[in-house]
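Below, chains carry the letters A, B, ... as their sequence lines are ordered, and counting in each starts from 1.
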2 protein chains.
Amino acid sequence: MVYNMDIKTDKGEMMAVFFRRSRDNGLKITPQRSAIYQELIQAKDHPSADDVYKRIIKKIPNISFDTVNRTLLTFSKIGIANIVEGYGQAKRYDPDLETHHHFRCMKCNTIIDFHNKEYDNLKVPEDMRKQFTAMSKKVVLEGLCSKCKRR
Amino acid sequence: MVYNMDIKTDKGEMMAVFFRRSRDNGLKITPQRSAIYQELIQAKDHPSADDVYKRIIKKIPNISFDTVNRTLLTFSKIGIANIVEGYGQAKRYDPDLETHHHFRCMKCNTIIDFHNKEYDNLKVPEDMRKQFTAMSKKVVLEGLCSKCKRR
DNA sequence: TTGACAAATAGGAATGGTTCTTATATGGTT
DNA sequence: AACCATATAAGAACCATTCCTATTTGTCAA
């Protein structure tokens with residue numbers, strides 16, 4: 001008896017998305033790419049390229065760091081992974097200590113400040129407040145700025 | 001007649017905060033530090049350490065990059081500047097494409113995902129929608145995680 | 001199934017940003 | 001005015017990322 005036969009796990013679905021999106025974008029399905037994607041969906045800690053490399057080298061001992069790094073960037077380009085805070089740029093500083101919010105252009109990485117009362121008044125959810133001490137909150141919008149939209 | 005005599009500009013106030021906070025934290029007021037802070041409050045683009053260095057070298061030609069970098073880090077430690085998105089870490093990846101939100105620990109840099117309906121339903125403000133195309137929005141809370149709180 | 005070709009990979013070199021080290025200089029205090 | 005802890009300049013070291021090139025490998029069409 002094969003109980004699991006028809007159960008589509010989340011991860012199974014994610015792998016299916018991976019195959020489809022790769023094909024749709026004319027990308028070859030290589031063992032390295034598959035392994036990197038698998039490693040990523042197993043991870044629960046928003047790993048860096050180096051983190052993924054360190055884990056995957058146990059399974060594919062001669063994989064190169066460059067492949068891991070390049071592949072993760074490819075994943076974000078075809079929309080099967082997102083890059084989270086820490087955009088791999090130099091640290092950027094802001095002397096404005098008032099609560100404000102950010103729009104970030106995904107193309108040119110410009111960060112634009114904006115103010116918004118509704119956003120300022122957001123409450124930290126109860127369950128988060130129990131575990132953590134939140135000292136600041138801000139809304140981050142990401143998309144295309146007017147310059148990059150034109151192109 | 002000195003019209004401006006009593007007008008405290010924002011920047012004047014900011015400089016006052018700079019002096020006070022520096023003293024309170026036992027930091028010396030050096031020409032370099034003052035100049036770096038002035039440069040920062042004039043900037044409107046969330047500059048990187050290198051950006052600030054390139055600007056300030058015109059005024060203090062023999063200042064070193066290291067001083068600029070170290071000083072900006074000091075500013076964020078004593079709370080007169082914030083570091084914005086791009087925490088100077090490696091890029092970090094997330095295979096979860098659903099809308100979710102982030103809590104970031106300011107000490108250990110851990111990013112914790114959480115879900116929240118109210119946050120999901122936030123509207124992009126009208127004036128932002130006119131200028132930009134927002135493709136994602138998320139709330140970022142920053143503070144201390146349970147581990148770092150204990151210490 | 002095989003052959004051809006475009007795409008992907010490994011490995012190492014190069015780059016760019018950040019941090020460390022150390023000798024010298026200086027702000028703040030006595 | 002003199003002292004000392006702190007800050008600075010300069011360059012080396014470090015780390016993450018990207019580039020380069022020769023080799024390998026999916027994929028597709030015959």
Side-chain angles (χ1 to χ4, degrees), chain A residues 18-39 45-78 80-81 83-93 109, chain B residues 18-39 45-78 80-81 83-93 109:
Chain A
F18 163 69
F19 287 121
R20 180 154 39 79
R21 287 273 192 134
S22 295
R23 294 231 171 73
D24 291 353
N25 285 277
L27 298 182
K28 293 173 180 170
I29 312 286
T30 66
Q32 289 91 335
R33 271 192 187 139
S34 305
I36 291 166
Y37 188 70
Q38 276 204 21
E39 201 65 53
D45 60 347
H46 310 86
S48 68
D50 196 57
D51 292 331
V52 176
Y53 173 67
K54 286 202 180 86
R55 290 169 203 174
I56 213 163
I57 205 166
K58 289 169 194 164
K59 293 169 190 166
I60 307 182
N62 74 326
I63 199 170
S64 71
F65 172 79
D66 188 56
T67 295
V68 175
N69 188 53
R70 187 170 17 77
T71 300
L72 288 168
L73 287 170
T74 303
F75 287 171
S76 80
K77 270 180 206 139
I78 67 170
I80 57 173
I83 297 177
V84 301
E85 292 87 288
Y87 305 115
Q89 304 276 355
K91 282 193 192 70
R92 293 167 68 175
Y93 295 89
N109 250 335
Chain B
F18 163 68
F19 287 122
R20 181 154 40 78
R21 287 274 192 133
S22 296
R23 294 229 173 74
D24 291 352
N25 286 276
L27 299 181
K28 293 174 181 170
I29 311 288
T30 67
Q32 290 92 334
R33 269 190 189 141
S34 306
I36 292 166
Y37 188 72
Q38 277 204 22
E39 201 65 53
D45 59 346
H46 310 87
S48 67
D50 195 57
D51 293 331
V52 175
Y53 174 67
K54 287 202 180 84
R55 290 168 204 174
I56 213 163
I57 206 166
K58 290 169 192 163
K59 294 169 190 167
I60 307 181
N62 75 326
I63 199 169
S64 71
F65 171 80
D66 187 57
T67 295
V68 175
N69 187 54
R70 186 169 19 76
T71 300
L72 289 168
L73 287 170
T74 304
F75 287 172
S76 81
K77 270 180 206 140
I78 66 170
I80 59 173
I83 297 176
V84 301
E85 293 87 287
Y87 304 115
Q89 304 277 353
K91 283 194 193 68
R92 293 166 68 175
Y93 296 88
N109 250 335

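- Axis orientation changes by 40° from one end of the helix from C:dT1-D:dA30 to C:dT30-D:dA1 to the other, with each end axis drawn from 5 pairs and the value rounded to 10°.
- At a threshold of 4.5 Å between non-hydrogen side-chain atoms, the residues A:Arg33 and A:Lys28 count as touching.
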Between the protein and nucleotides 1-5 of chain D, list every N/O to N/O distance that falls short of 3.5 Å.
residue	atom	partner	partner atom	Å
D:dA5	N3	B:Lys28	NZ	3.2

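- A side-chain donor-acceptor contact under 3.5 Å links B:Asp51 to the backbone of B:Ser48.
- Side-chain atoms of A:Asn69 do not come within 3.5 Å of backbone N or O of A:Phe65 as any donor-acceptor pair.
- The shortest side-chain heavy-atom distance between A:Thr30 and A:Thr71 does not fall under the 4.5 Å cut-off.
- Residues B:Ile78 and B:Arg21 approach most closely at O-NH1, 2.7 Å, considering heavy atoms.
- Note: B:Tyr37 and B:Phe18 have parallel aromatic rings, judged against thresholds of 30 and 60 degrees for the angle between ring planes.
- Looking at heavy atoms from C-beta onward, A:Arg70 lies in side-chain contact with A:Thr67 at the 4.5 angstrom threshold.
- Counting heavy atoms from C-beta outward, B:Tyr93 and A:Ile83 have side chains that approach closer than 4.5 Å.
- Scored by the side chain to side chain donor-acceptor pair (under 3.5 Å) test, A:Lys54 finds A:Asp50 as partners (sequence neighbours excluded).
- In this structure, the separation between CG on B:Asn25 and NZ on B:Lys77 is 11.5 Å, given to the nearest 0.5 Å.
- When DNA chain C is scanned in the 5' to 3' direction for atoms under 4.0 Å from non-hydrogen atoms of chain A, the outermost contacting nucleotides are C:dA6 to C:dT19.
- Of the two residues near DNA chain D, A:Arg23 and A:Asn69, the one whose nearest nucleotide lies more 5' is A:Asn69.
- B:Arg55 is listed as a side-chain neighbour of B:Pro47, based on a closest heavy-atom distance under 4.5 Å.
- Atom-to-atom, CD1 of A:Ile29 to C1' of D:dC28 comes out at 15 Å; the value is rounded to the nearest Å.
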Worksheet item: How would nucleotides 8-16 of chain D be written as a contact map, 5' to 3', with B for base contact, S for sugar-phosphate-only contact and - for no contact, using protein heavy atoms under 4.0 Å?
Response: BBB-----S
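- Applying the side chain to side chain contact (heavy atoms under 4.5 Å, CB included) test to B:Ala35 and every residue at least two apart in sequence or in another chain returns B:Ile56, B:Ile60.
- A heavy-atom distance below 4.5 Å is found between the side chains of B:Arg92 and B:Asn109.
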